[in-house]
Q: 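What follows is a structure written as structure tokens; I'll ask about it next.
The analysis underlying the following values was restricted to heavy atoms, covering all of them including side chains, and did not include hydrogens, waters or symmetry mates. Residues: numbered from 1 along the sequence shown.
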Amino acid sequence: AMAEGVTKPTEKNLVFLGMAGMIDPPRDEAKAAVEAFKRASVRTVMITGDHVDTAFAIARQLGIAEEKGQCISGAELERMDDGELKKRIRNAAVFARVSPDHKVRIVRALKSDGNITAMTGDGVNDAPSLKSADIGIAMGKTGTDVARQASDMILTDDNFATIERAIEEGRGIYENIKKSVIFLLSSNFGEIATMFAAIAAGIPSPLKSSHILWINLITDSLPALALGVDKNDGSLLMKKPPRKPGESLFAGGGWFYTVFYGLLIAAISLAAFFRVPWEVVTGRGVEFSLTAVSAVLREEAVLCRAQTYAFTVLGLSELFHAVGMRNVEVSIFRSGLFTNPLMAVAFAAGLCLQFAVTEIPFLVDAERVARTVGHSQLVKTALYGRDANWGRIVAAVGRSGADFNPDDVVVTLCGVELFRKGQPTDLDFDALLEEPLKQRDLPIDIVLGSGSGSYTLLASDLGHEYVNVNADYRS
């Protein structure tokens, strides 16, 4: 201000009192965010209208630039063509004294060099560069309406560190999508491999169509959804470099995991399927071979039991596979078993449903499976040729877990009663147990009484240590 009558200021008789200055310091969390970006292989570039020295001082404080040679002024940028700018921009970290046109050139140069570019801004003059970037990020509090409309994302808190959390969340979402897809493909590949291997070997199918539908119901629903909302280790995700724009979902070992886990599930399921015919074949003293297995599997009771084993093991394998897919790089015991409550619920529900379909009578009939607990086991008993004691059959059935009254048991061969109310009938057992009869594989039915169920064994089993007295249980 000047006194009245003074038209021209004069600098004399002045007393120096001090100097006033203004500073716009970076936020404390901004430096931590820049460091996190470095660990995640995300490069931070400062574009500002401030003087080069001011911009470099702030950039060095934040860890964006280390030497002044990484700074480019608007005047230098004006003298560069696009080719030279593309070369210089690979090492540049600070652009100072730039115009709106310069910002657009910088964004385009970064994109042409193969970078996915995100641009932040708040003013009207930032709108063209926000629109040119792959992801335009506007400020929600101080940003203009023009900048917000031109952007793809708005920071409601105007905090640069929020971008770090957004990147972490985005990587987590992509990781969950990848885990879910690989889990579903590897599980279904395991089912296909199981069926294909059996068909190629010329043996009956290990699974029925209803089995496959049931397994898909308990594994492709809740477990897959649980993987989709899994909580990832953010610190681990932010240590990985960004994926390339054209990278396949199966890059980074995706194909390997799909094929490996699929074959592993198939191998375990086939091993369970072959266990039943192996026990029957070896129990009969026959050399184990595919021909012998194929012959044994023609028996409906043996095939039903083997399919039940394969069905149960396949379902459980896929449930455990879902838990393991949460993090394929560490053990499931180190990945936090209960950090995903939905996965715990899905796993428990799958186990209960699989148990129910093999143990609850009306579900057993619906799925046409054999029971796998208690009275469904192969019972070891002592039945040898002429000295066969039918009481031992009943005792063996009793040990298997069935609930029955011994006085109600009736054992018949082709409709002829062999054993009733704890006593054998007046039949010539020697004649009944002759080799020709046993070779015919005639069924011996054991009826436990009204509502208690029934069992079937084959006459050919009587000369062996292992007798399948529970192969065909019906409640």
Side-chain angles (χ1 to χ4, degrees), residues 27-44 62-63 115-116 118 134-135 137 153 155-157 159-187 219-262 264-265 317-351:
R27 295 185 179 184
D28 295 335
E29 61 269 22
K31 184 175 182 179
V34 172
E35 289 297 324
F37 287 155
K38 285 183 178 180
R39 291 193 297 270
S41 300
V42 177
R43 178 180 163 203
T44 304
L62 292 174
N115 299 291
I116 300 296
D134 293 298
I135 304 172
I137 305 173
M153 184 173 77
L155 297 180
T156 57
D157 58 358
N159 192 337
F160 181 72
T162 304
I163 300 175
E164 175 202 351
R165 295 191 290 272
I167 293 176
E168 181 181 322
E169 183 69 19
R171 290 186 177 187
I173 292 172
Y174 180 81
E175 191 71 17
N176 287 345
I177 293 173
K178 184 175 181 178
K179 288 188 292 189
S180 298
V181 171
I182 293 178
F183 163 69
L184 292 173
L185 287 179
S186 58
S187 296
T219 61
D220 292 359
S221 53
L222 287 180
L225 291 174
L227 283 175
V229 296
D230 193 30
K231 184 178 180 181
N232 294 282
D233 187 348
S235 60
L236 184 63
L237 288 177
M238 292 301 285
K239 291 179 181 178
K240 296 181 179 180
R243 61 184 179 87
K244 297 178 180 179
E247 182 178 285
S248 167
L249 189 68
F250 299 97
W255 281 117
F256 171 78
Y257 293 133
T258 301
V259 175
F260 173 75
Y261 286 125
L264 181 61
I265 291 172
S317 296
E318 293 189 14
L319 288 175
F320 280 101
H321 178 38
V323 177
M325 277 302 300
R326 293 185 58 206
N327 192 336
V328 296
E329 297 179 359
V330 299
S331 167
I332 60 173
F333 301 105
R334 295 175 55 192
S335 60
L337 292 176
F338 301 103
T339 55
N340 186 343
L342 182 57
M343 177 60 75
V345 171
F347 183 79
L351 286 179

Q: Compare every heavy atom of Asn232 with every heavy atom of Gly172, then report the nearest pair and how far apart it is.
A: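 Looking at all heavy atoms of both residues, the closest pair is O-ND2, 3.3 Å.
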Q: Got Glu29 and Asn159 here, is their nearest side-chain heavy-atom distance under 4.5 Å?
A: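 Counting from C-beta outward, Glu29 and Asn159 do come under 4.5 Å.
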Q: Give me the atom names and distance for the closest heavy-atom approach of Lys178 to Leu249.
A: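 Scanning both residues, the minimum pair turns out to be CE-O, 3.0 Å.
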Q: For the NZ atom of Lys31 and the CG atom of Asp28, what is their distance to the nearest 0.5 Å?
A: 10.0 Å
Q: Return the minimal non-hydrogen interatomic distance between Ser180 and Leu227, and the atom names on each side.
A: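 For Ser180 versus Leu227, the nearest heavy atoms are OG-CB, 3.5 Å.
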Q: What are the two closest non-hydrogen atoms of Ser248 and Tyr174, and how far apart are they?
A: O-OH, 3.9 Å
Q: Could you check whether any side-chain heavy atom of Ile173 comes within less than 4.5 Å of a side-chain heavy atom of Ile177, counting everything from C-beta outward?
A: yes
Q: If every non-hydrogen atom of Gly254 is compared with every non-hydrogen atom of Ile182, which pair is closest and at what distance?
A: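 That closest heavy-atom pairing would be CA-CD1, 3.7 Å.
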Q: Drop me the distance from Met343's CE to Met325's CE, to the nearest 0.5 angstrom.
A: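 One gets 9.5 Å once the value is rounded to the nearest 0.5 Å.
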Q: What I'd like to find out is whether the side chain of Val328 reaches to under 4.5 Å of the side chain of Tyr261, using heavy atoms alone.
A: yes
Q: Taking the side chain from Lys179 and the backbone from Ala224, do they hold a donor-acceptor pair closer than 3.5 Å?
A: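 Judged by distance alone, no pair lies under 3.5 Å.
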Q: So if I apply the side-chain contact (heavy atoms from CB on, under 4.5 Å) rule between Pro223 and each of Leu319, Val345, Leu342, Val323, which one comes out positive?
A: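 With Pro223 as partner, Leu319, Val345, Leu342, Val323 yield a single side-chain contact (heavy atoms from CB on, under 4.5 Å), made by Leu319.
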Q: Tell me if the aromatic rings of Tyr257 and Phe183 count as close, with their centers under 6.0 Å from one another.
A: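 Centroid separation for Tyr257 and Phe183: 6.0 Å or greater.
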Q: Applying side chain to side chain donor-acceptor pair (under 3.5 Å), name anything that partners Thr219, two or more places apart in sequence or on another chain.
A: Glu318
Q: To the nearest 0.5 Å, what is the distance between CG on Asn327 and CG on Asp230?
A: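 Reported to 0.5 Å precision, the distance equals 8.5 Å.
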Q: Between OG1 of Thr162 and CD1 of Ile167, what distance do you get to the nearest 0.5 Å?
A: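 The CD1 atom of Ile167 is 11.0 Å from OG1 of Thr162, to the nearest 0.5 Å.
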Q: Do we see a donor-acceptor contact under 3.5 Å between the side chains of Ser235 and Arg39?
A: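 No - no donor-acceptor pair under 3.5 Å links their side chains.
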Q: Ring centroid separation for Phe250 and Phe256, is it under 6.0 angstrom?
A: no
Q: Output every pair passing salt bridge (charged side-chain N to carboxylate O under 4.0 Å, His left out) with a member in residues 159-172, not counting sequence neighbours, ordered by first then second residue.
A: Asp157-Arg165
Q: Do other residues, nucleotides or ligands put more than 12 heavy atoms under 6.0 Å from Lys239 NZ?
A: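 Open.
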Q: Begin with the C-alpha distance, continue with both residues' side-chain angles, and end with the deciding distance and a verdict on side-chain contact (heavy atoms from CB on, under 4.5 Å) for Phe160 and Leu155.
A: CA-CA 8 Å; Phe160 181 72; Leu155 297 180; 5.9 Å; no
Q: Distance check, rounded to the nearest 0.5 Å: Thr44 atom OG1 versus Lys38 atom NZ?
A: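 Here the interatomic distance stands at 8.0 Å.
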Q: Ile265 and Ser187: which non-hydrogen atoms are nearest, and at how many Å?
A: CD1-CA, 4.4 Å
Q: Hey, are Asn176 and Lys231 close enough side-chain-wise for a donor-acceptor pair under 3.5 Å?
A: no
